[in-house]
Each structure stands twice: as C-alpha cells, then as structure tokens.
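Here's the structure we're looking at; comments come further down.
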Amino acid sequence: KEKRACLAILDTNMFLLQPLKDRMLAQEQWMTSIQKDFKDCPLKIALGHHPYDTPGPNHENSTGRLREFLRDEVSGHFDYYFAGHEHIIKH
C-alpha cells in the first residue's frame with residue numbers, strides 16, 4: 001500500500017527533566033531509524049509538546065538540548081512540526 005503521510009509523535013518533555021539521558025538517547029536513535037522508514041513518504045509530520053520557537057505569551061522558546069534535538073533531528077527532516085505548548089484554547 002502506498003504511503004500518503006508518515007507521523008512521528010515525540011516526547012519533548014524528556015529533554016527538560018533530569019536525569020533522563022538514556023531515554024533521550026533512545027529517542028534520538030529512534031529518530032535516526034525512522035528516517036529510513038520515512039524516506040519514501042510524500043508528507044512527513046512530527047508532533048511534540050514543546051515548540052522550537054513560540055510567539056505566545058506563556059512560554060519561552062526551546063533552549064538547551066531540546067532546541068538542539070528539534071534543530072538537528074526534526075528541522076529539515078519533516079515537512080511539518082506541530083506543537084501546542086502555549087495552552088491557548090481560544091484559537
């Protein structure tokens with residue numbers, strides 16, 4: 001069956017809590033492995049809780065290891081990344 005879209009759901013919380021280095025490494029390795037599975041997908045979408053940058057008033061942009069992960073493993077590898085950290089339910 002032809003793939004129309006591939007979806008990856010990320011645990012962005014683990015990059016903000018310590019000590020979770022083993023889980024962070026596992027997610028990074030998983031991301032590397034799914035890139036092979038997703039290579040023929042015409043549409044690649046990643047979902048996570050924390051955005052790379054946010055224009056909202058409630059939270060700041062991602063920093064540290066989370067920002068590096070989103071920059072290196074998500075940006076340029078997926079067509080879209082959706083995150084909803086601002087908790088603005090009126091939109």
Side-chain angles (χ1 to χ4, degrees):
K1 201 170 192 183
E2 182 180 336
K3 294 179 184 178
R4 294 183 183 172
C6 293
L7 181 68
I9 301 172
L10 312 175
D11 182 359
T12 59
N13 283 319
M14 76 172 60
F15 292 95
L16 305 175
L17 305 172
Q18 293 295 331
L20 295 173
K21 291 182 182 178
D22 290 341
R23 288 178 54 195
M24 287 168 41
L25 181 60
Q27 180 155 274
E28 290 170 342
Q29 290 172 340
W30 174 72
M31 288 292 286
T32 299
S33 72
I34 67 168
Q35 292 302 325
K36 296 173 189 169
D37 295 336
F38 284 18
K39 70 179 177 119
D40 294 327
C41 287
L43 181 62
K44 300 170 192 159
I45 301 169
L47 303 170
H49 183 69
H50 299 89
Y52 185 78
D53 288 325
T54 180
N58 299 314
H59 297 285
E60 297 178 0
N61 296 335
S62 293
T63 60
R65 188 64 195 108
L66 172 59
R67 190 167 186 87
E68 292 172 10
F69 173 78
L70 293 174
R71 181 193 65 219
D72 299 342
E73 303 294 335
V74 178
S75 181
H77 299 284
F78 289 87
D79 299 301
Y80 296 98
Y81 174 64
F82 294 104
H85 196 225
E86 277 301 316
H87 308 279
I88 301 171
I89 60 174
K90 67 180 180 180
H91 295 299

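We number each residue from 1, following the sequence as shown.
Scanning both residues, Trp30 and Ala8, for their nearest heavy atoms gives CH2-CB, 4.0 Å. Of all non-hydrogen atoms in Ala5 and Cys41, the two that sit nearest each other are C-SG, 4.5 Å.
The same ILVMFWY cluster, assembled from side-chain heavy atoms under 4.5 Å apart, contains both Leu7 and Tyr80. Cluster membership for Ile9 and Val74, using ILVMFWY side-chain heavy atoms within less than 4.5 angstrom, is not shared.
Applying the salt bridge (charged side-chain N to carboxylate O under 4.0 Å, His left out) test to pairs two or more places apart or on separate chains, none has a residue in residues 72-82.
Partners of Glu68 according to the side-chain hydrogen bond (donor to acceptor under 3.5 Å, both in side chains) rule, which considers only residues two or more places apart in sequence or in another chain, are Arg65. By the salt bridge (charged side-chain N to carboxylate O under 4.0 Å, His left out) test, Asp11 pairs with Arg23, sequence neighbours left out. With sequence neighbours excluded, the residues forming a side-chain contact (heavy atoms from CB on, under 4.5 Å) with Arg67 are Tyr52, Asp53, Asn61, Ser62, listed by chain and number.
Under the 4.5 Å side-chain criterion, counting only non-hydrogen atoms from C-beta, Phe78 is in contact with Gln35.
One distance of note links CD1 of Ile45 with OH of Tyr81; it measures 13.5 Å at 0.5 Å rounding. Remark: Lys39 NZ to Lys44 NZ distance equals 10.0 Å, nearest 0.5 Å.
Looking at Thr12, its side chain does come within 3.5 Å of a backbone N or O of His50 through a donor-acceptor pair.
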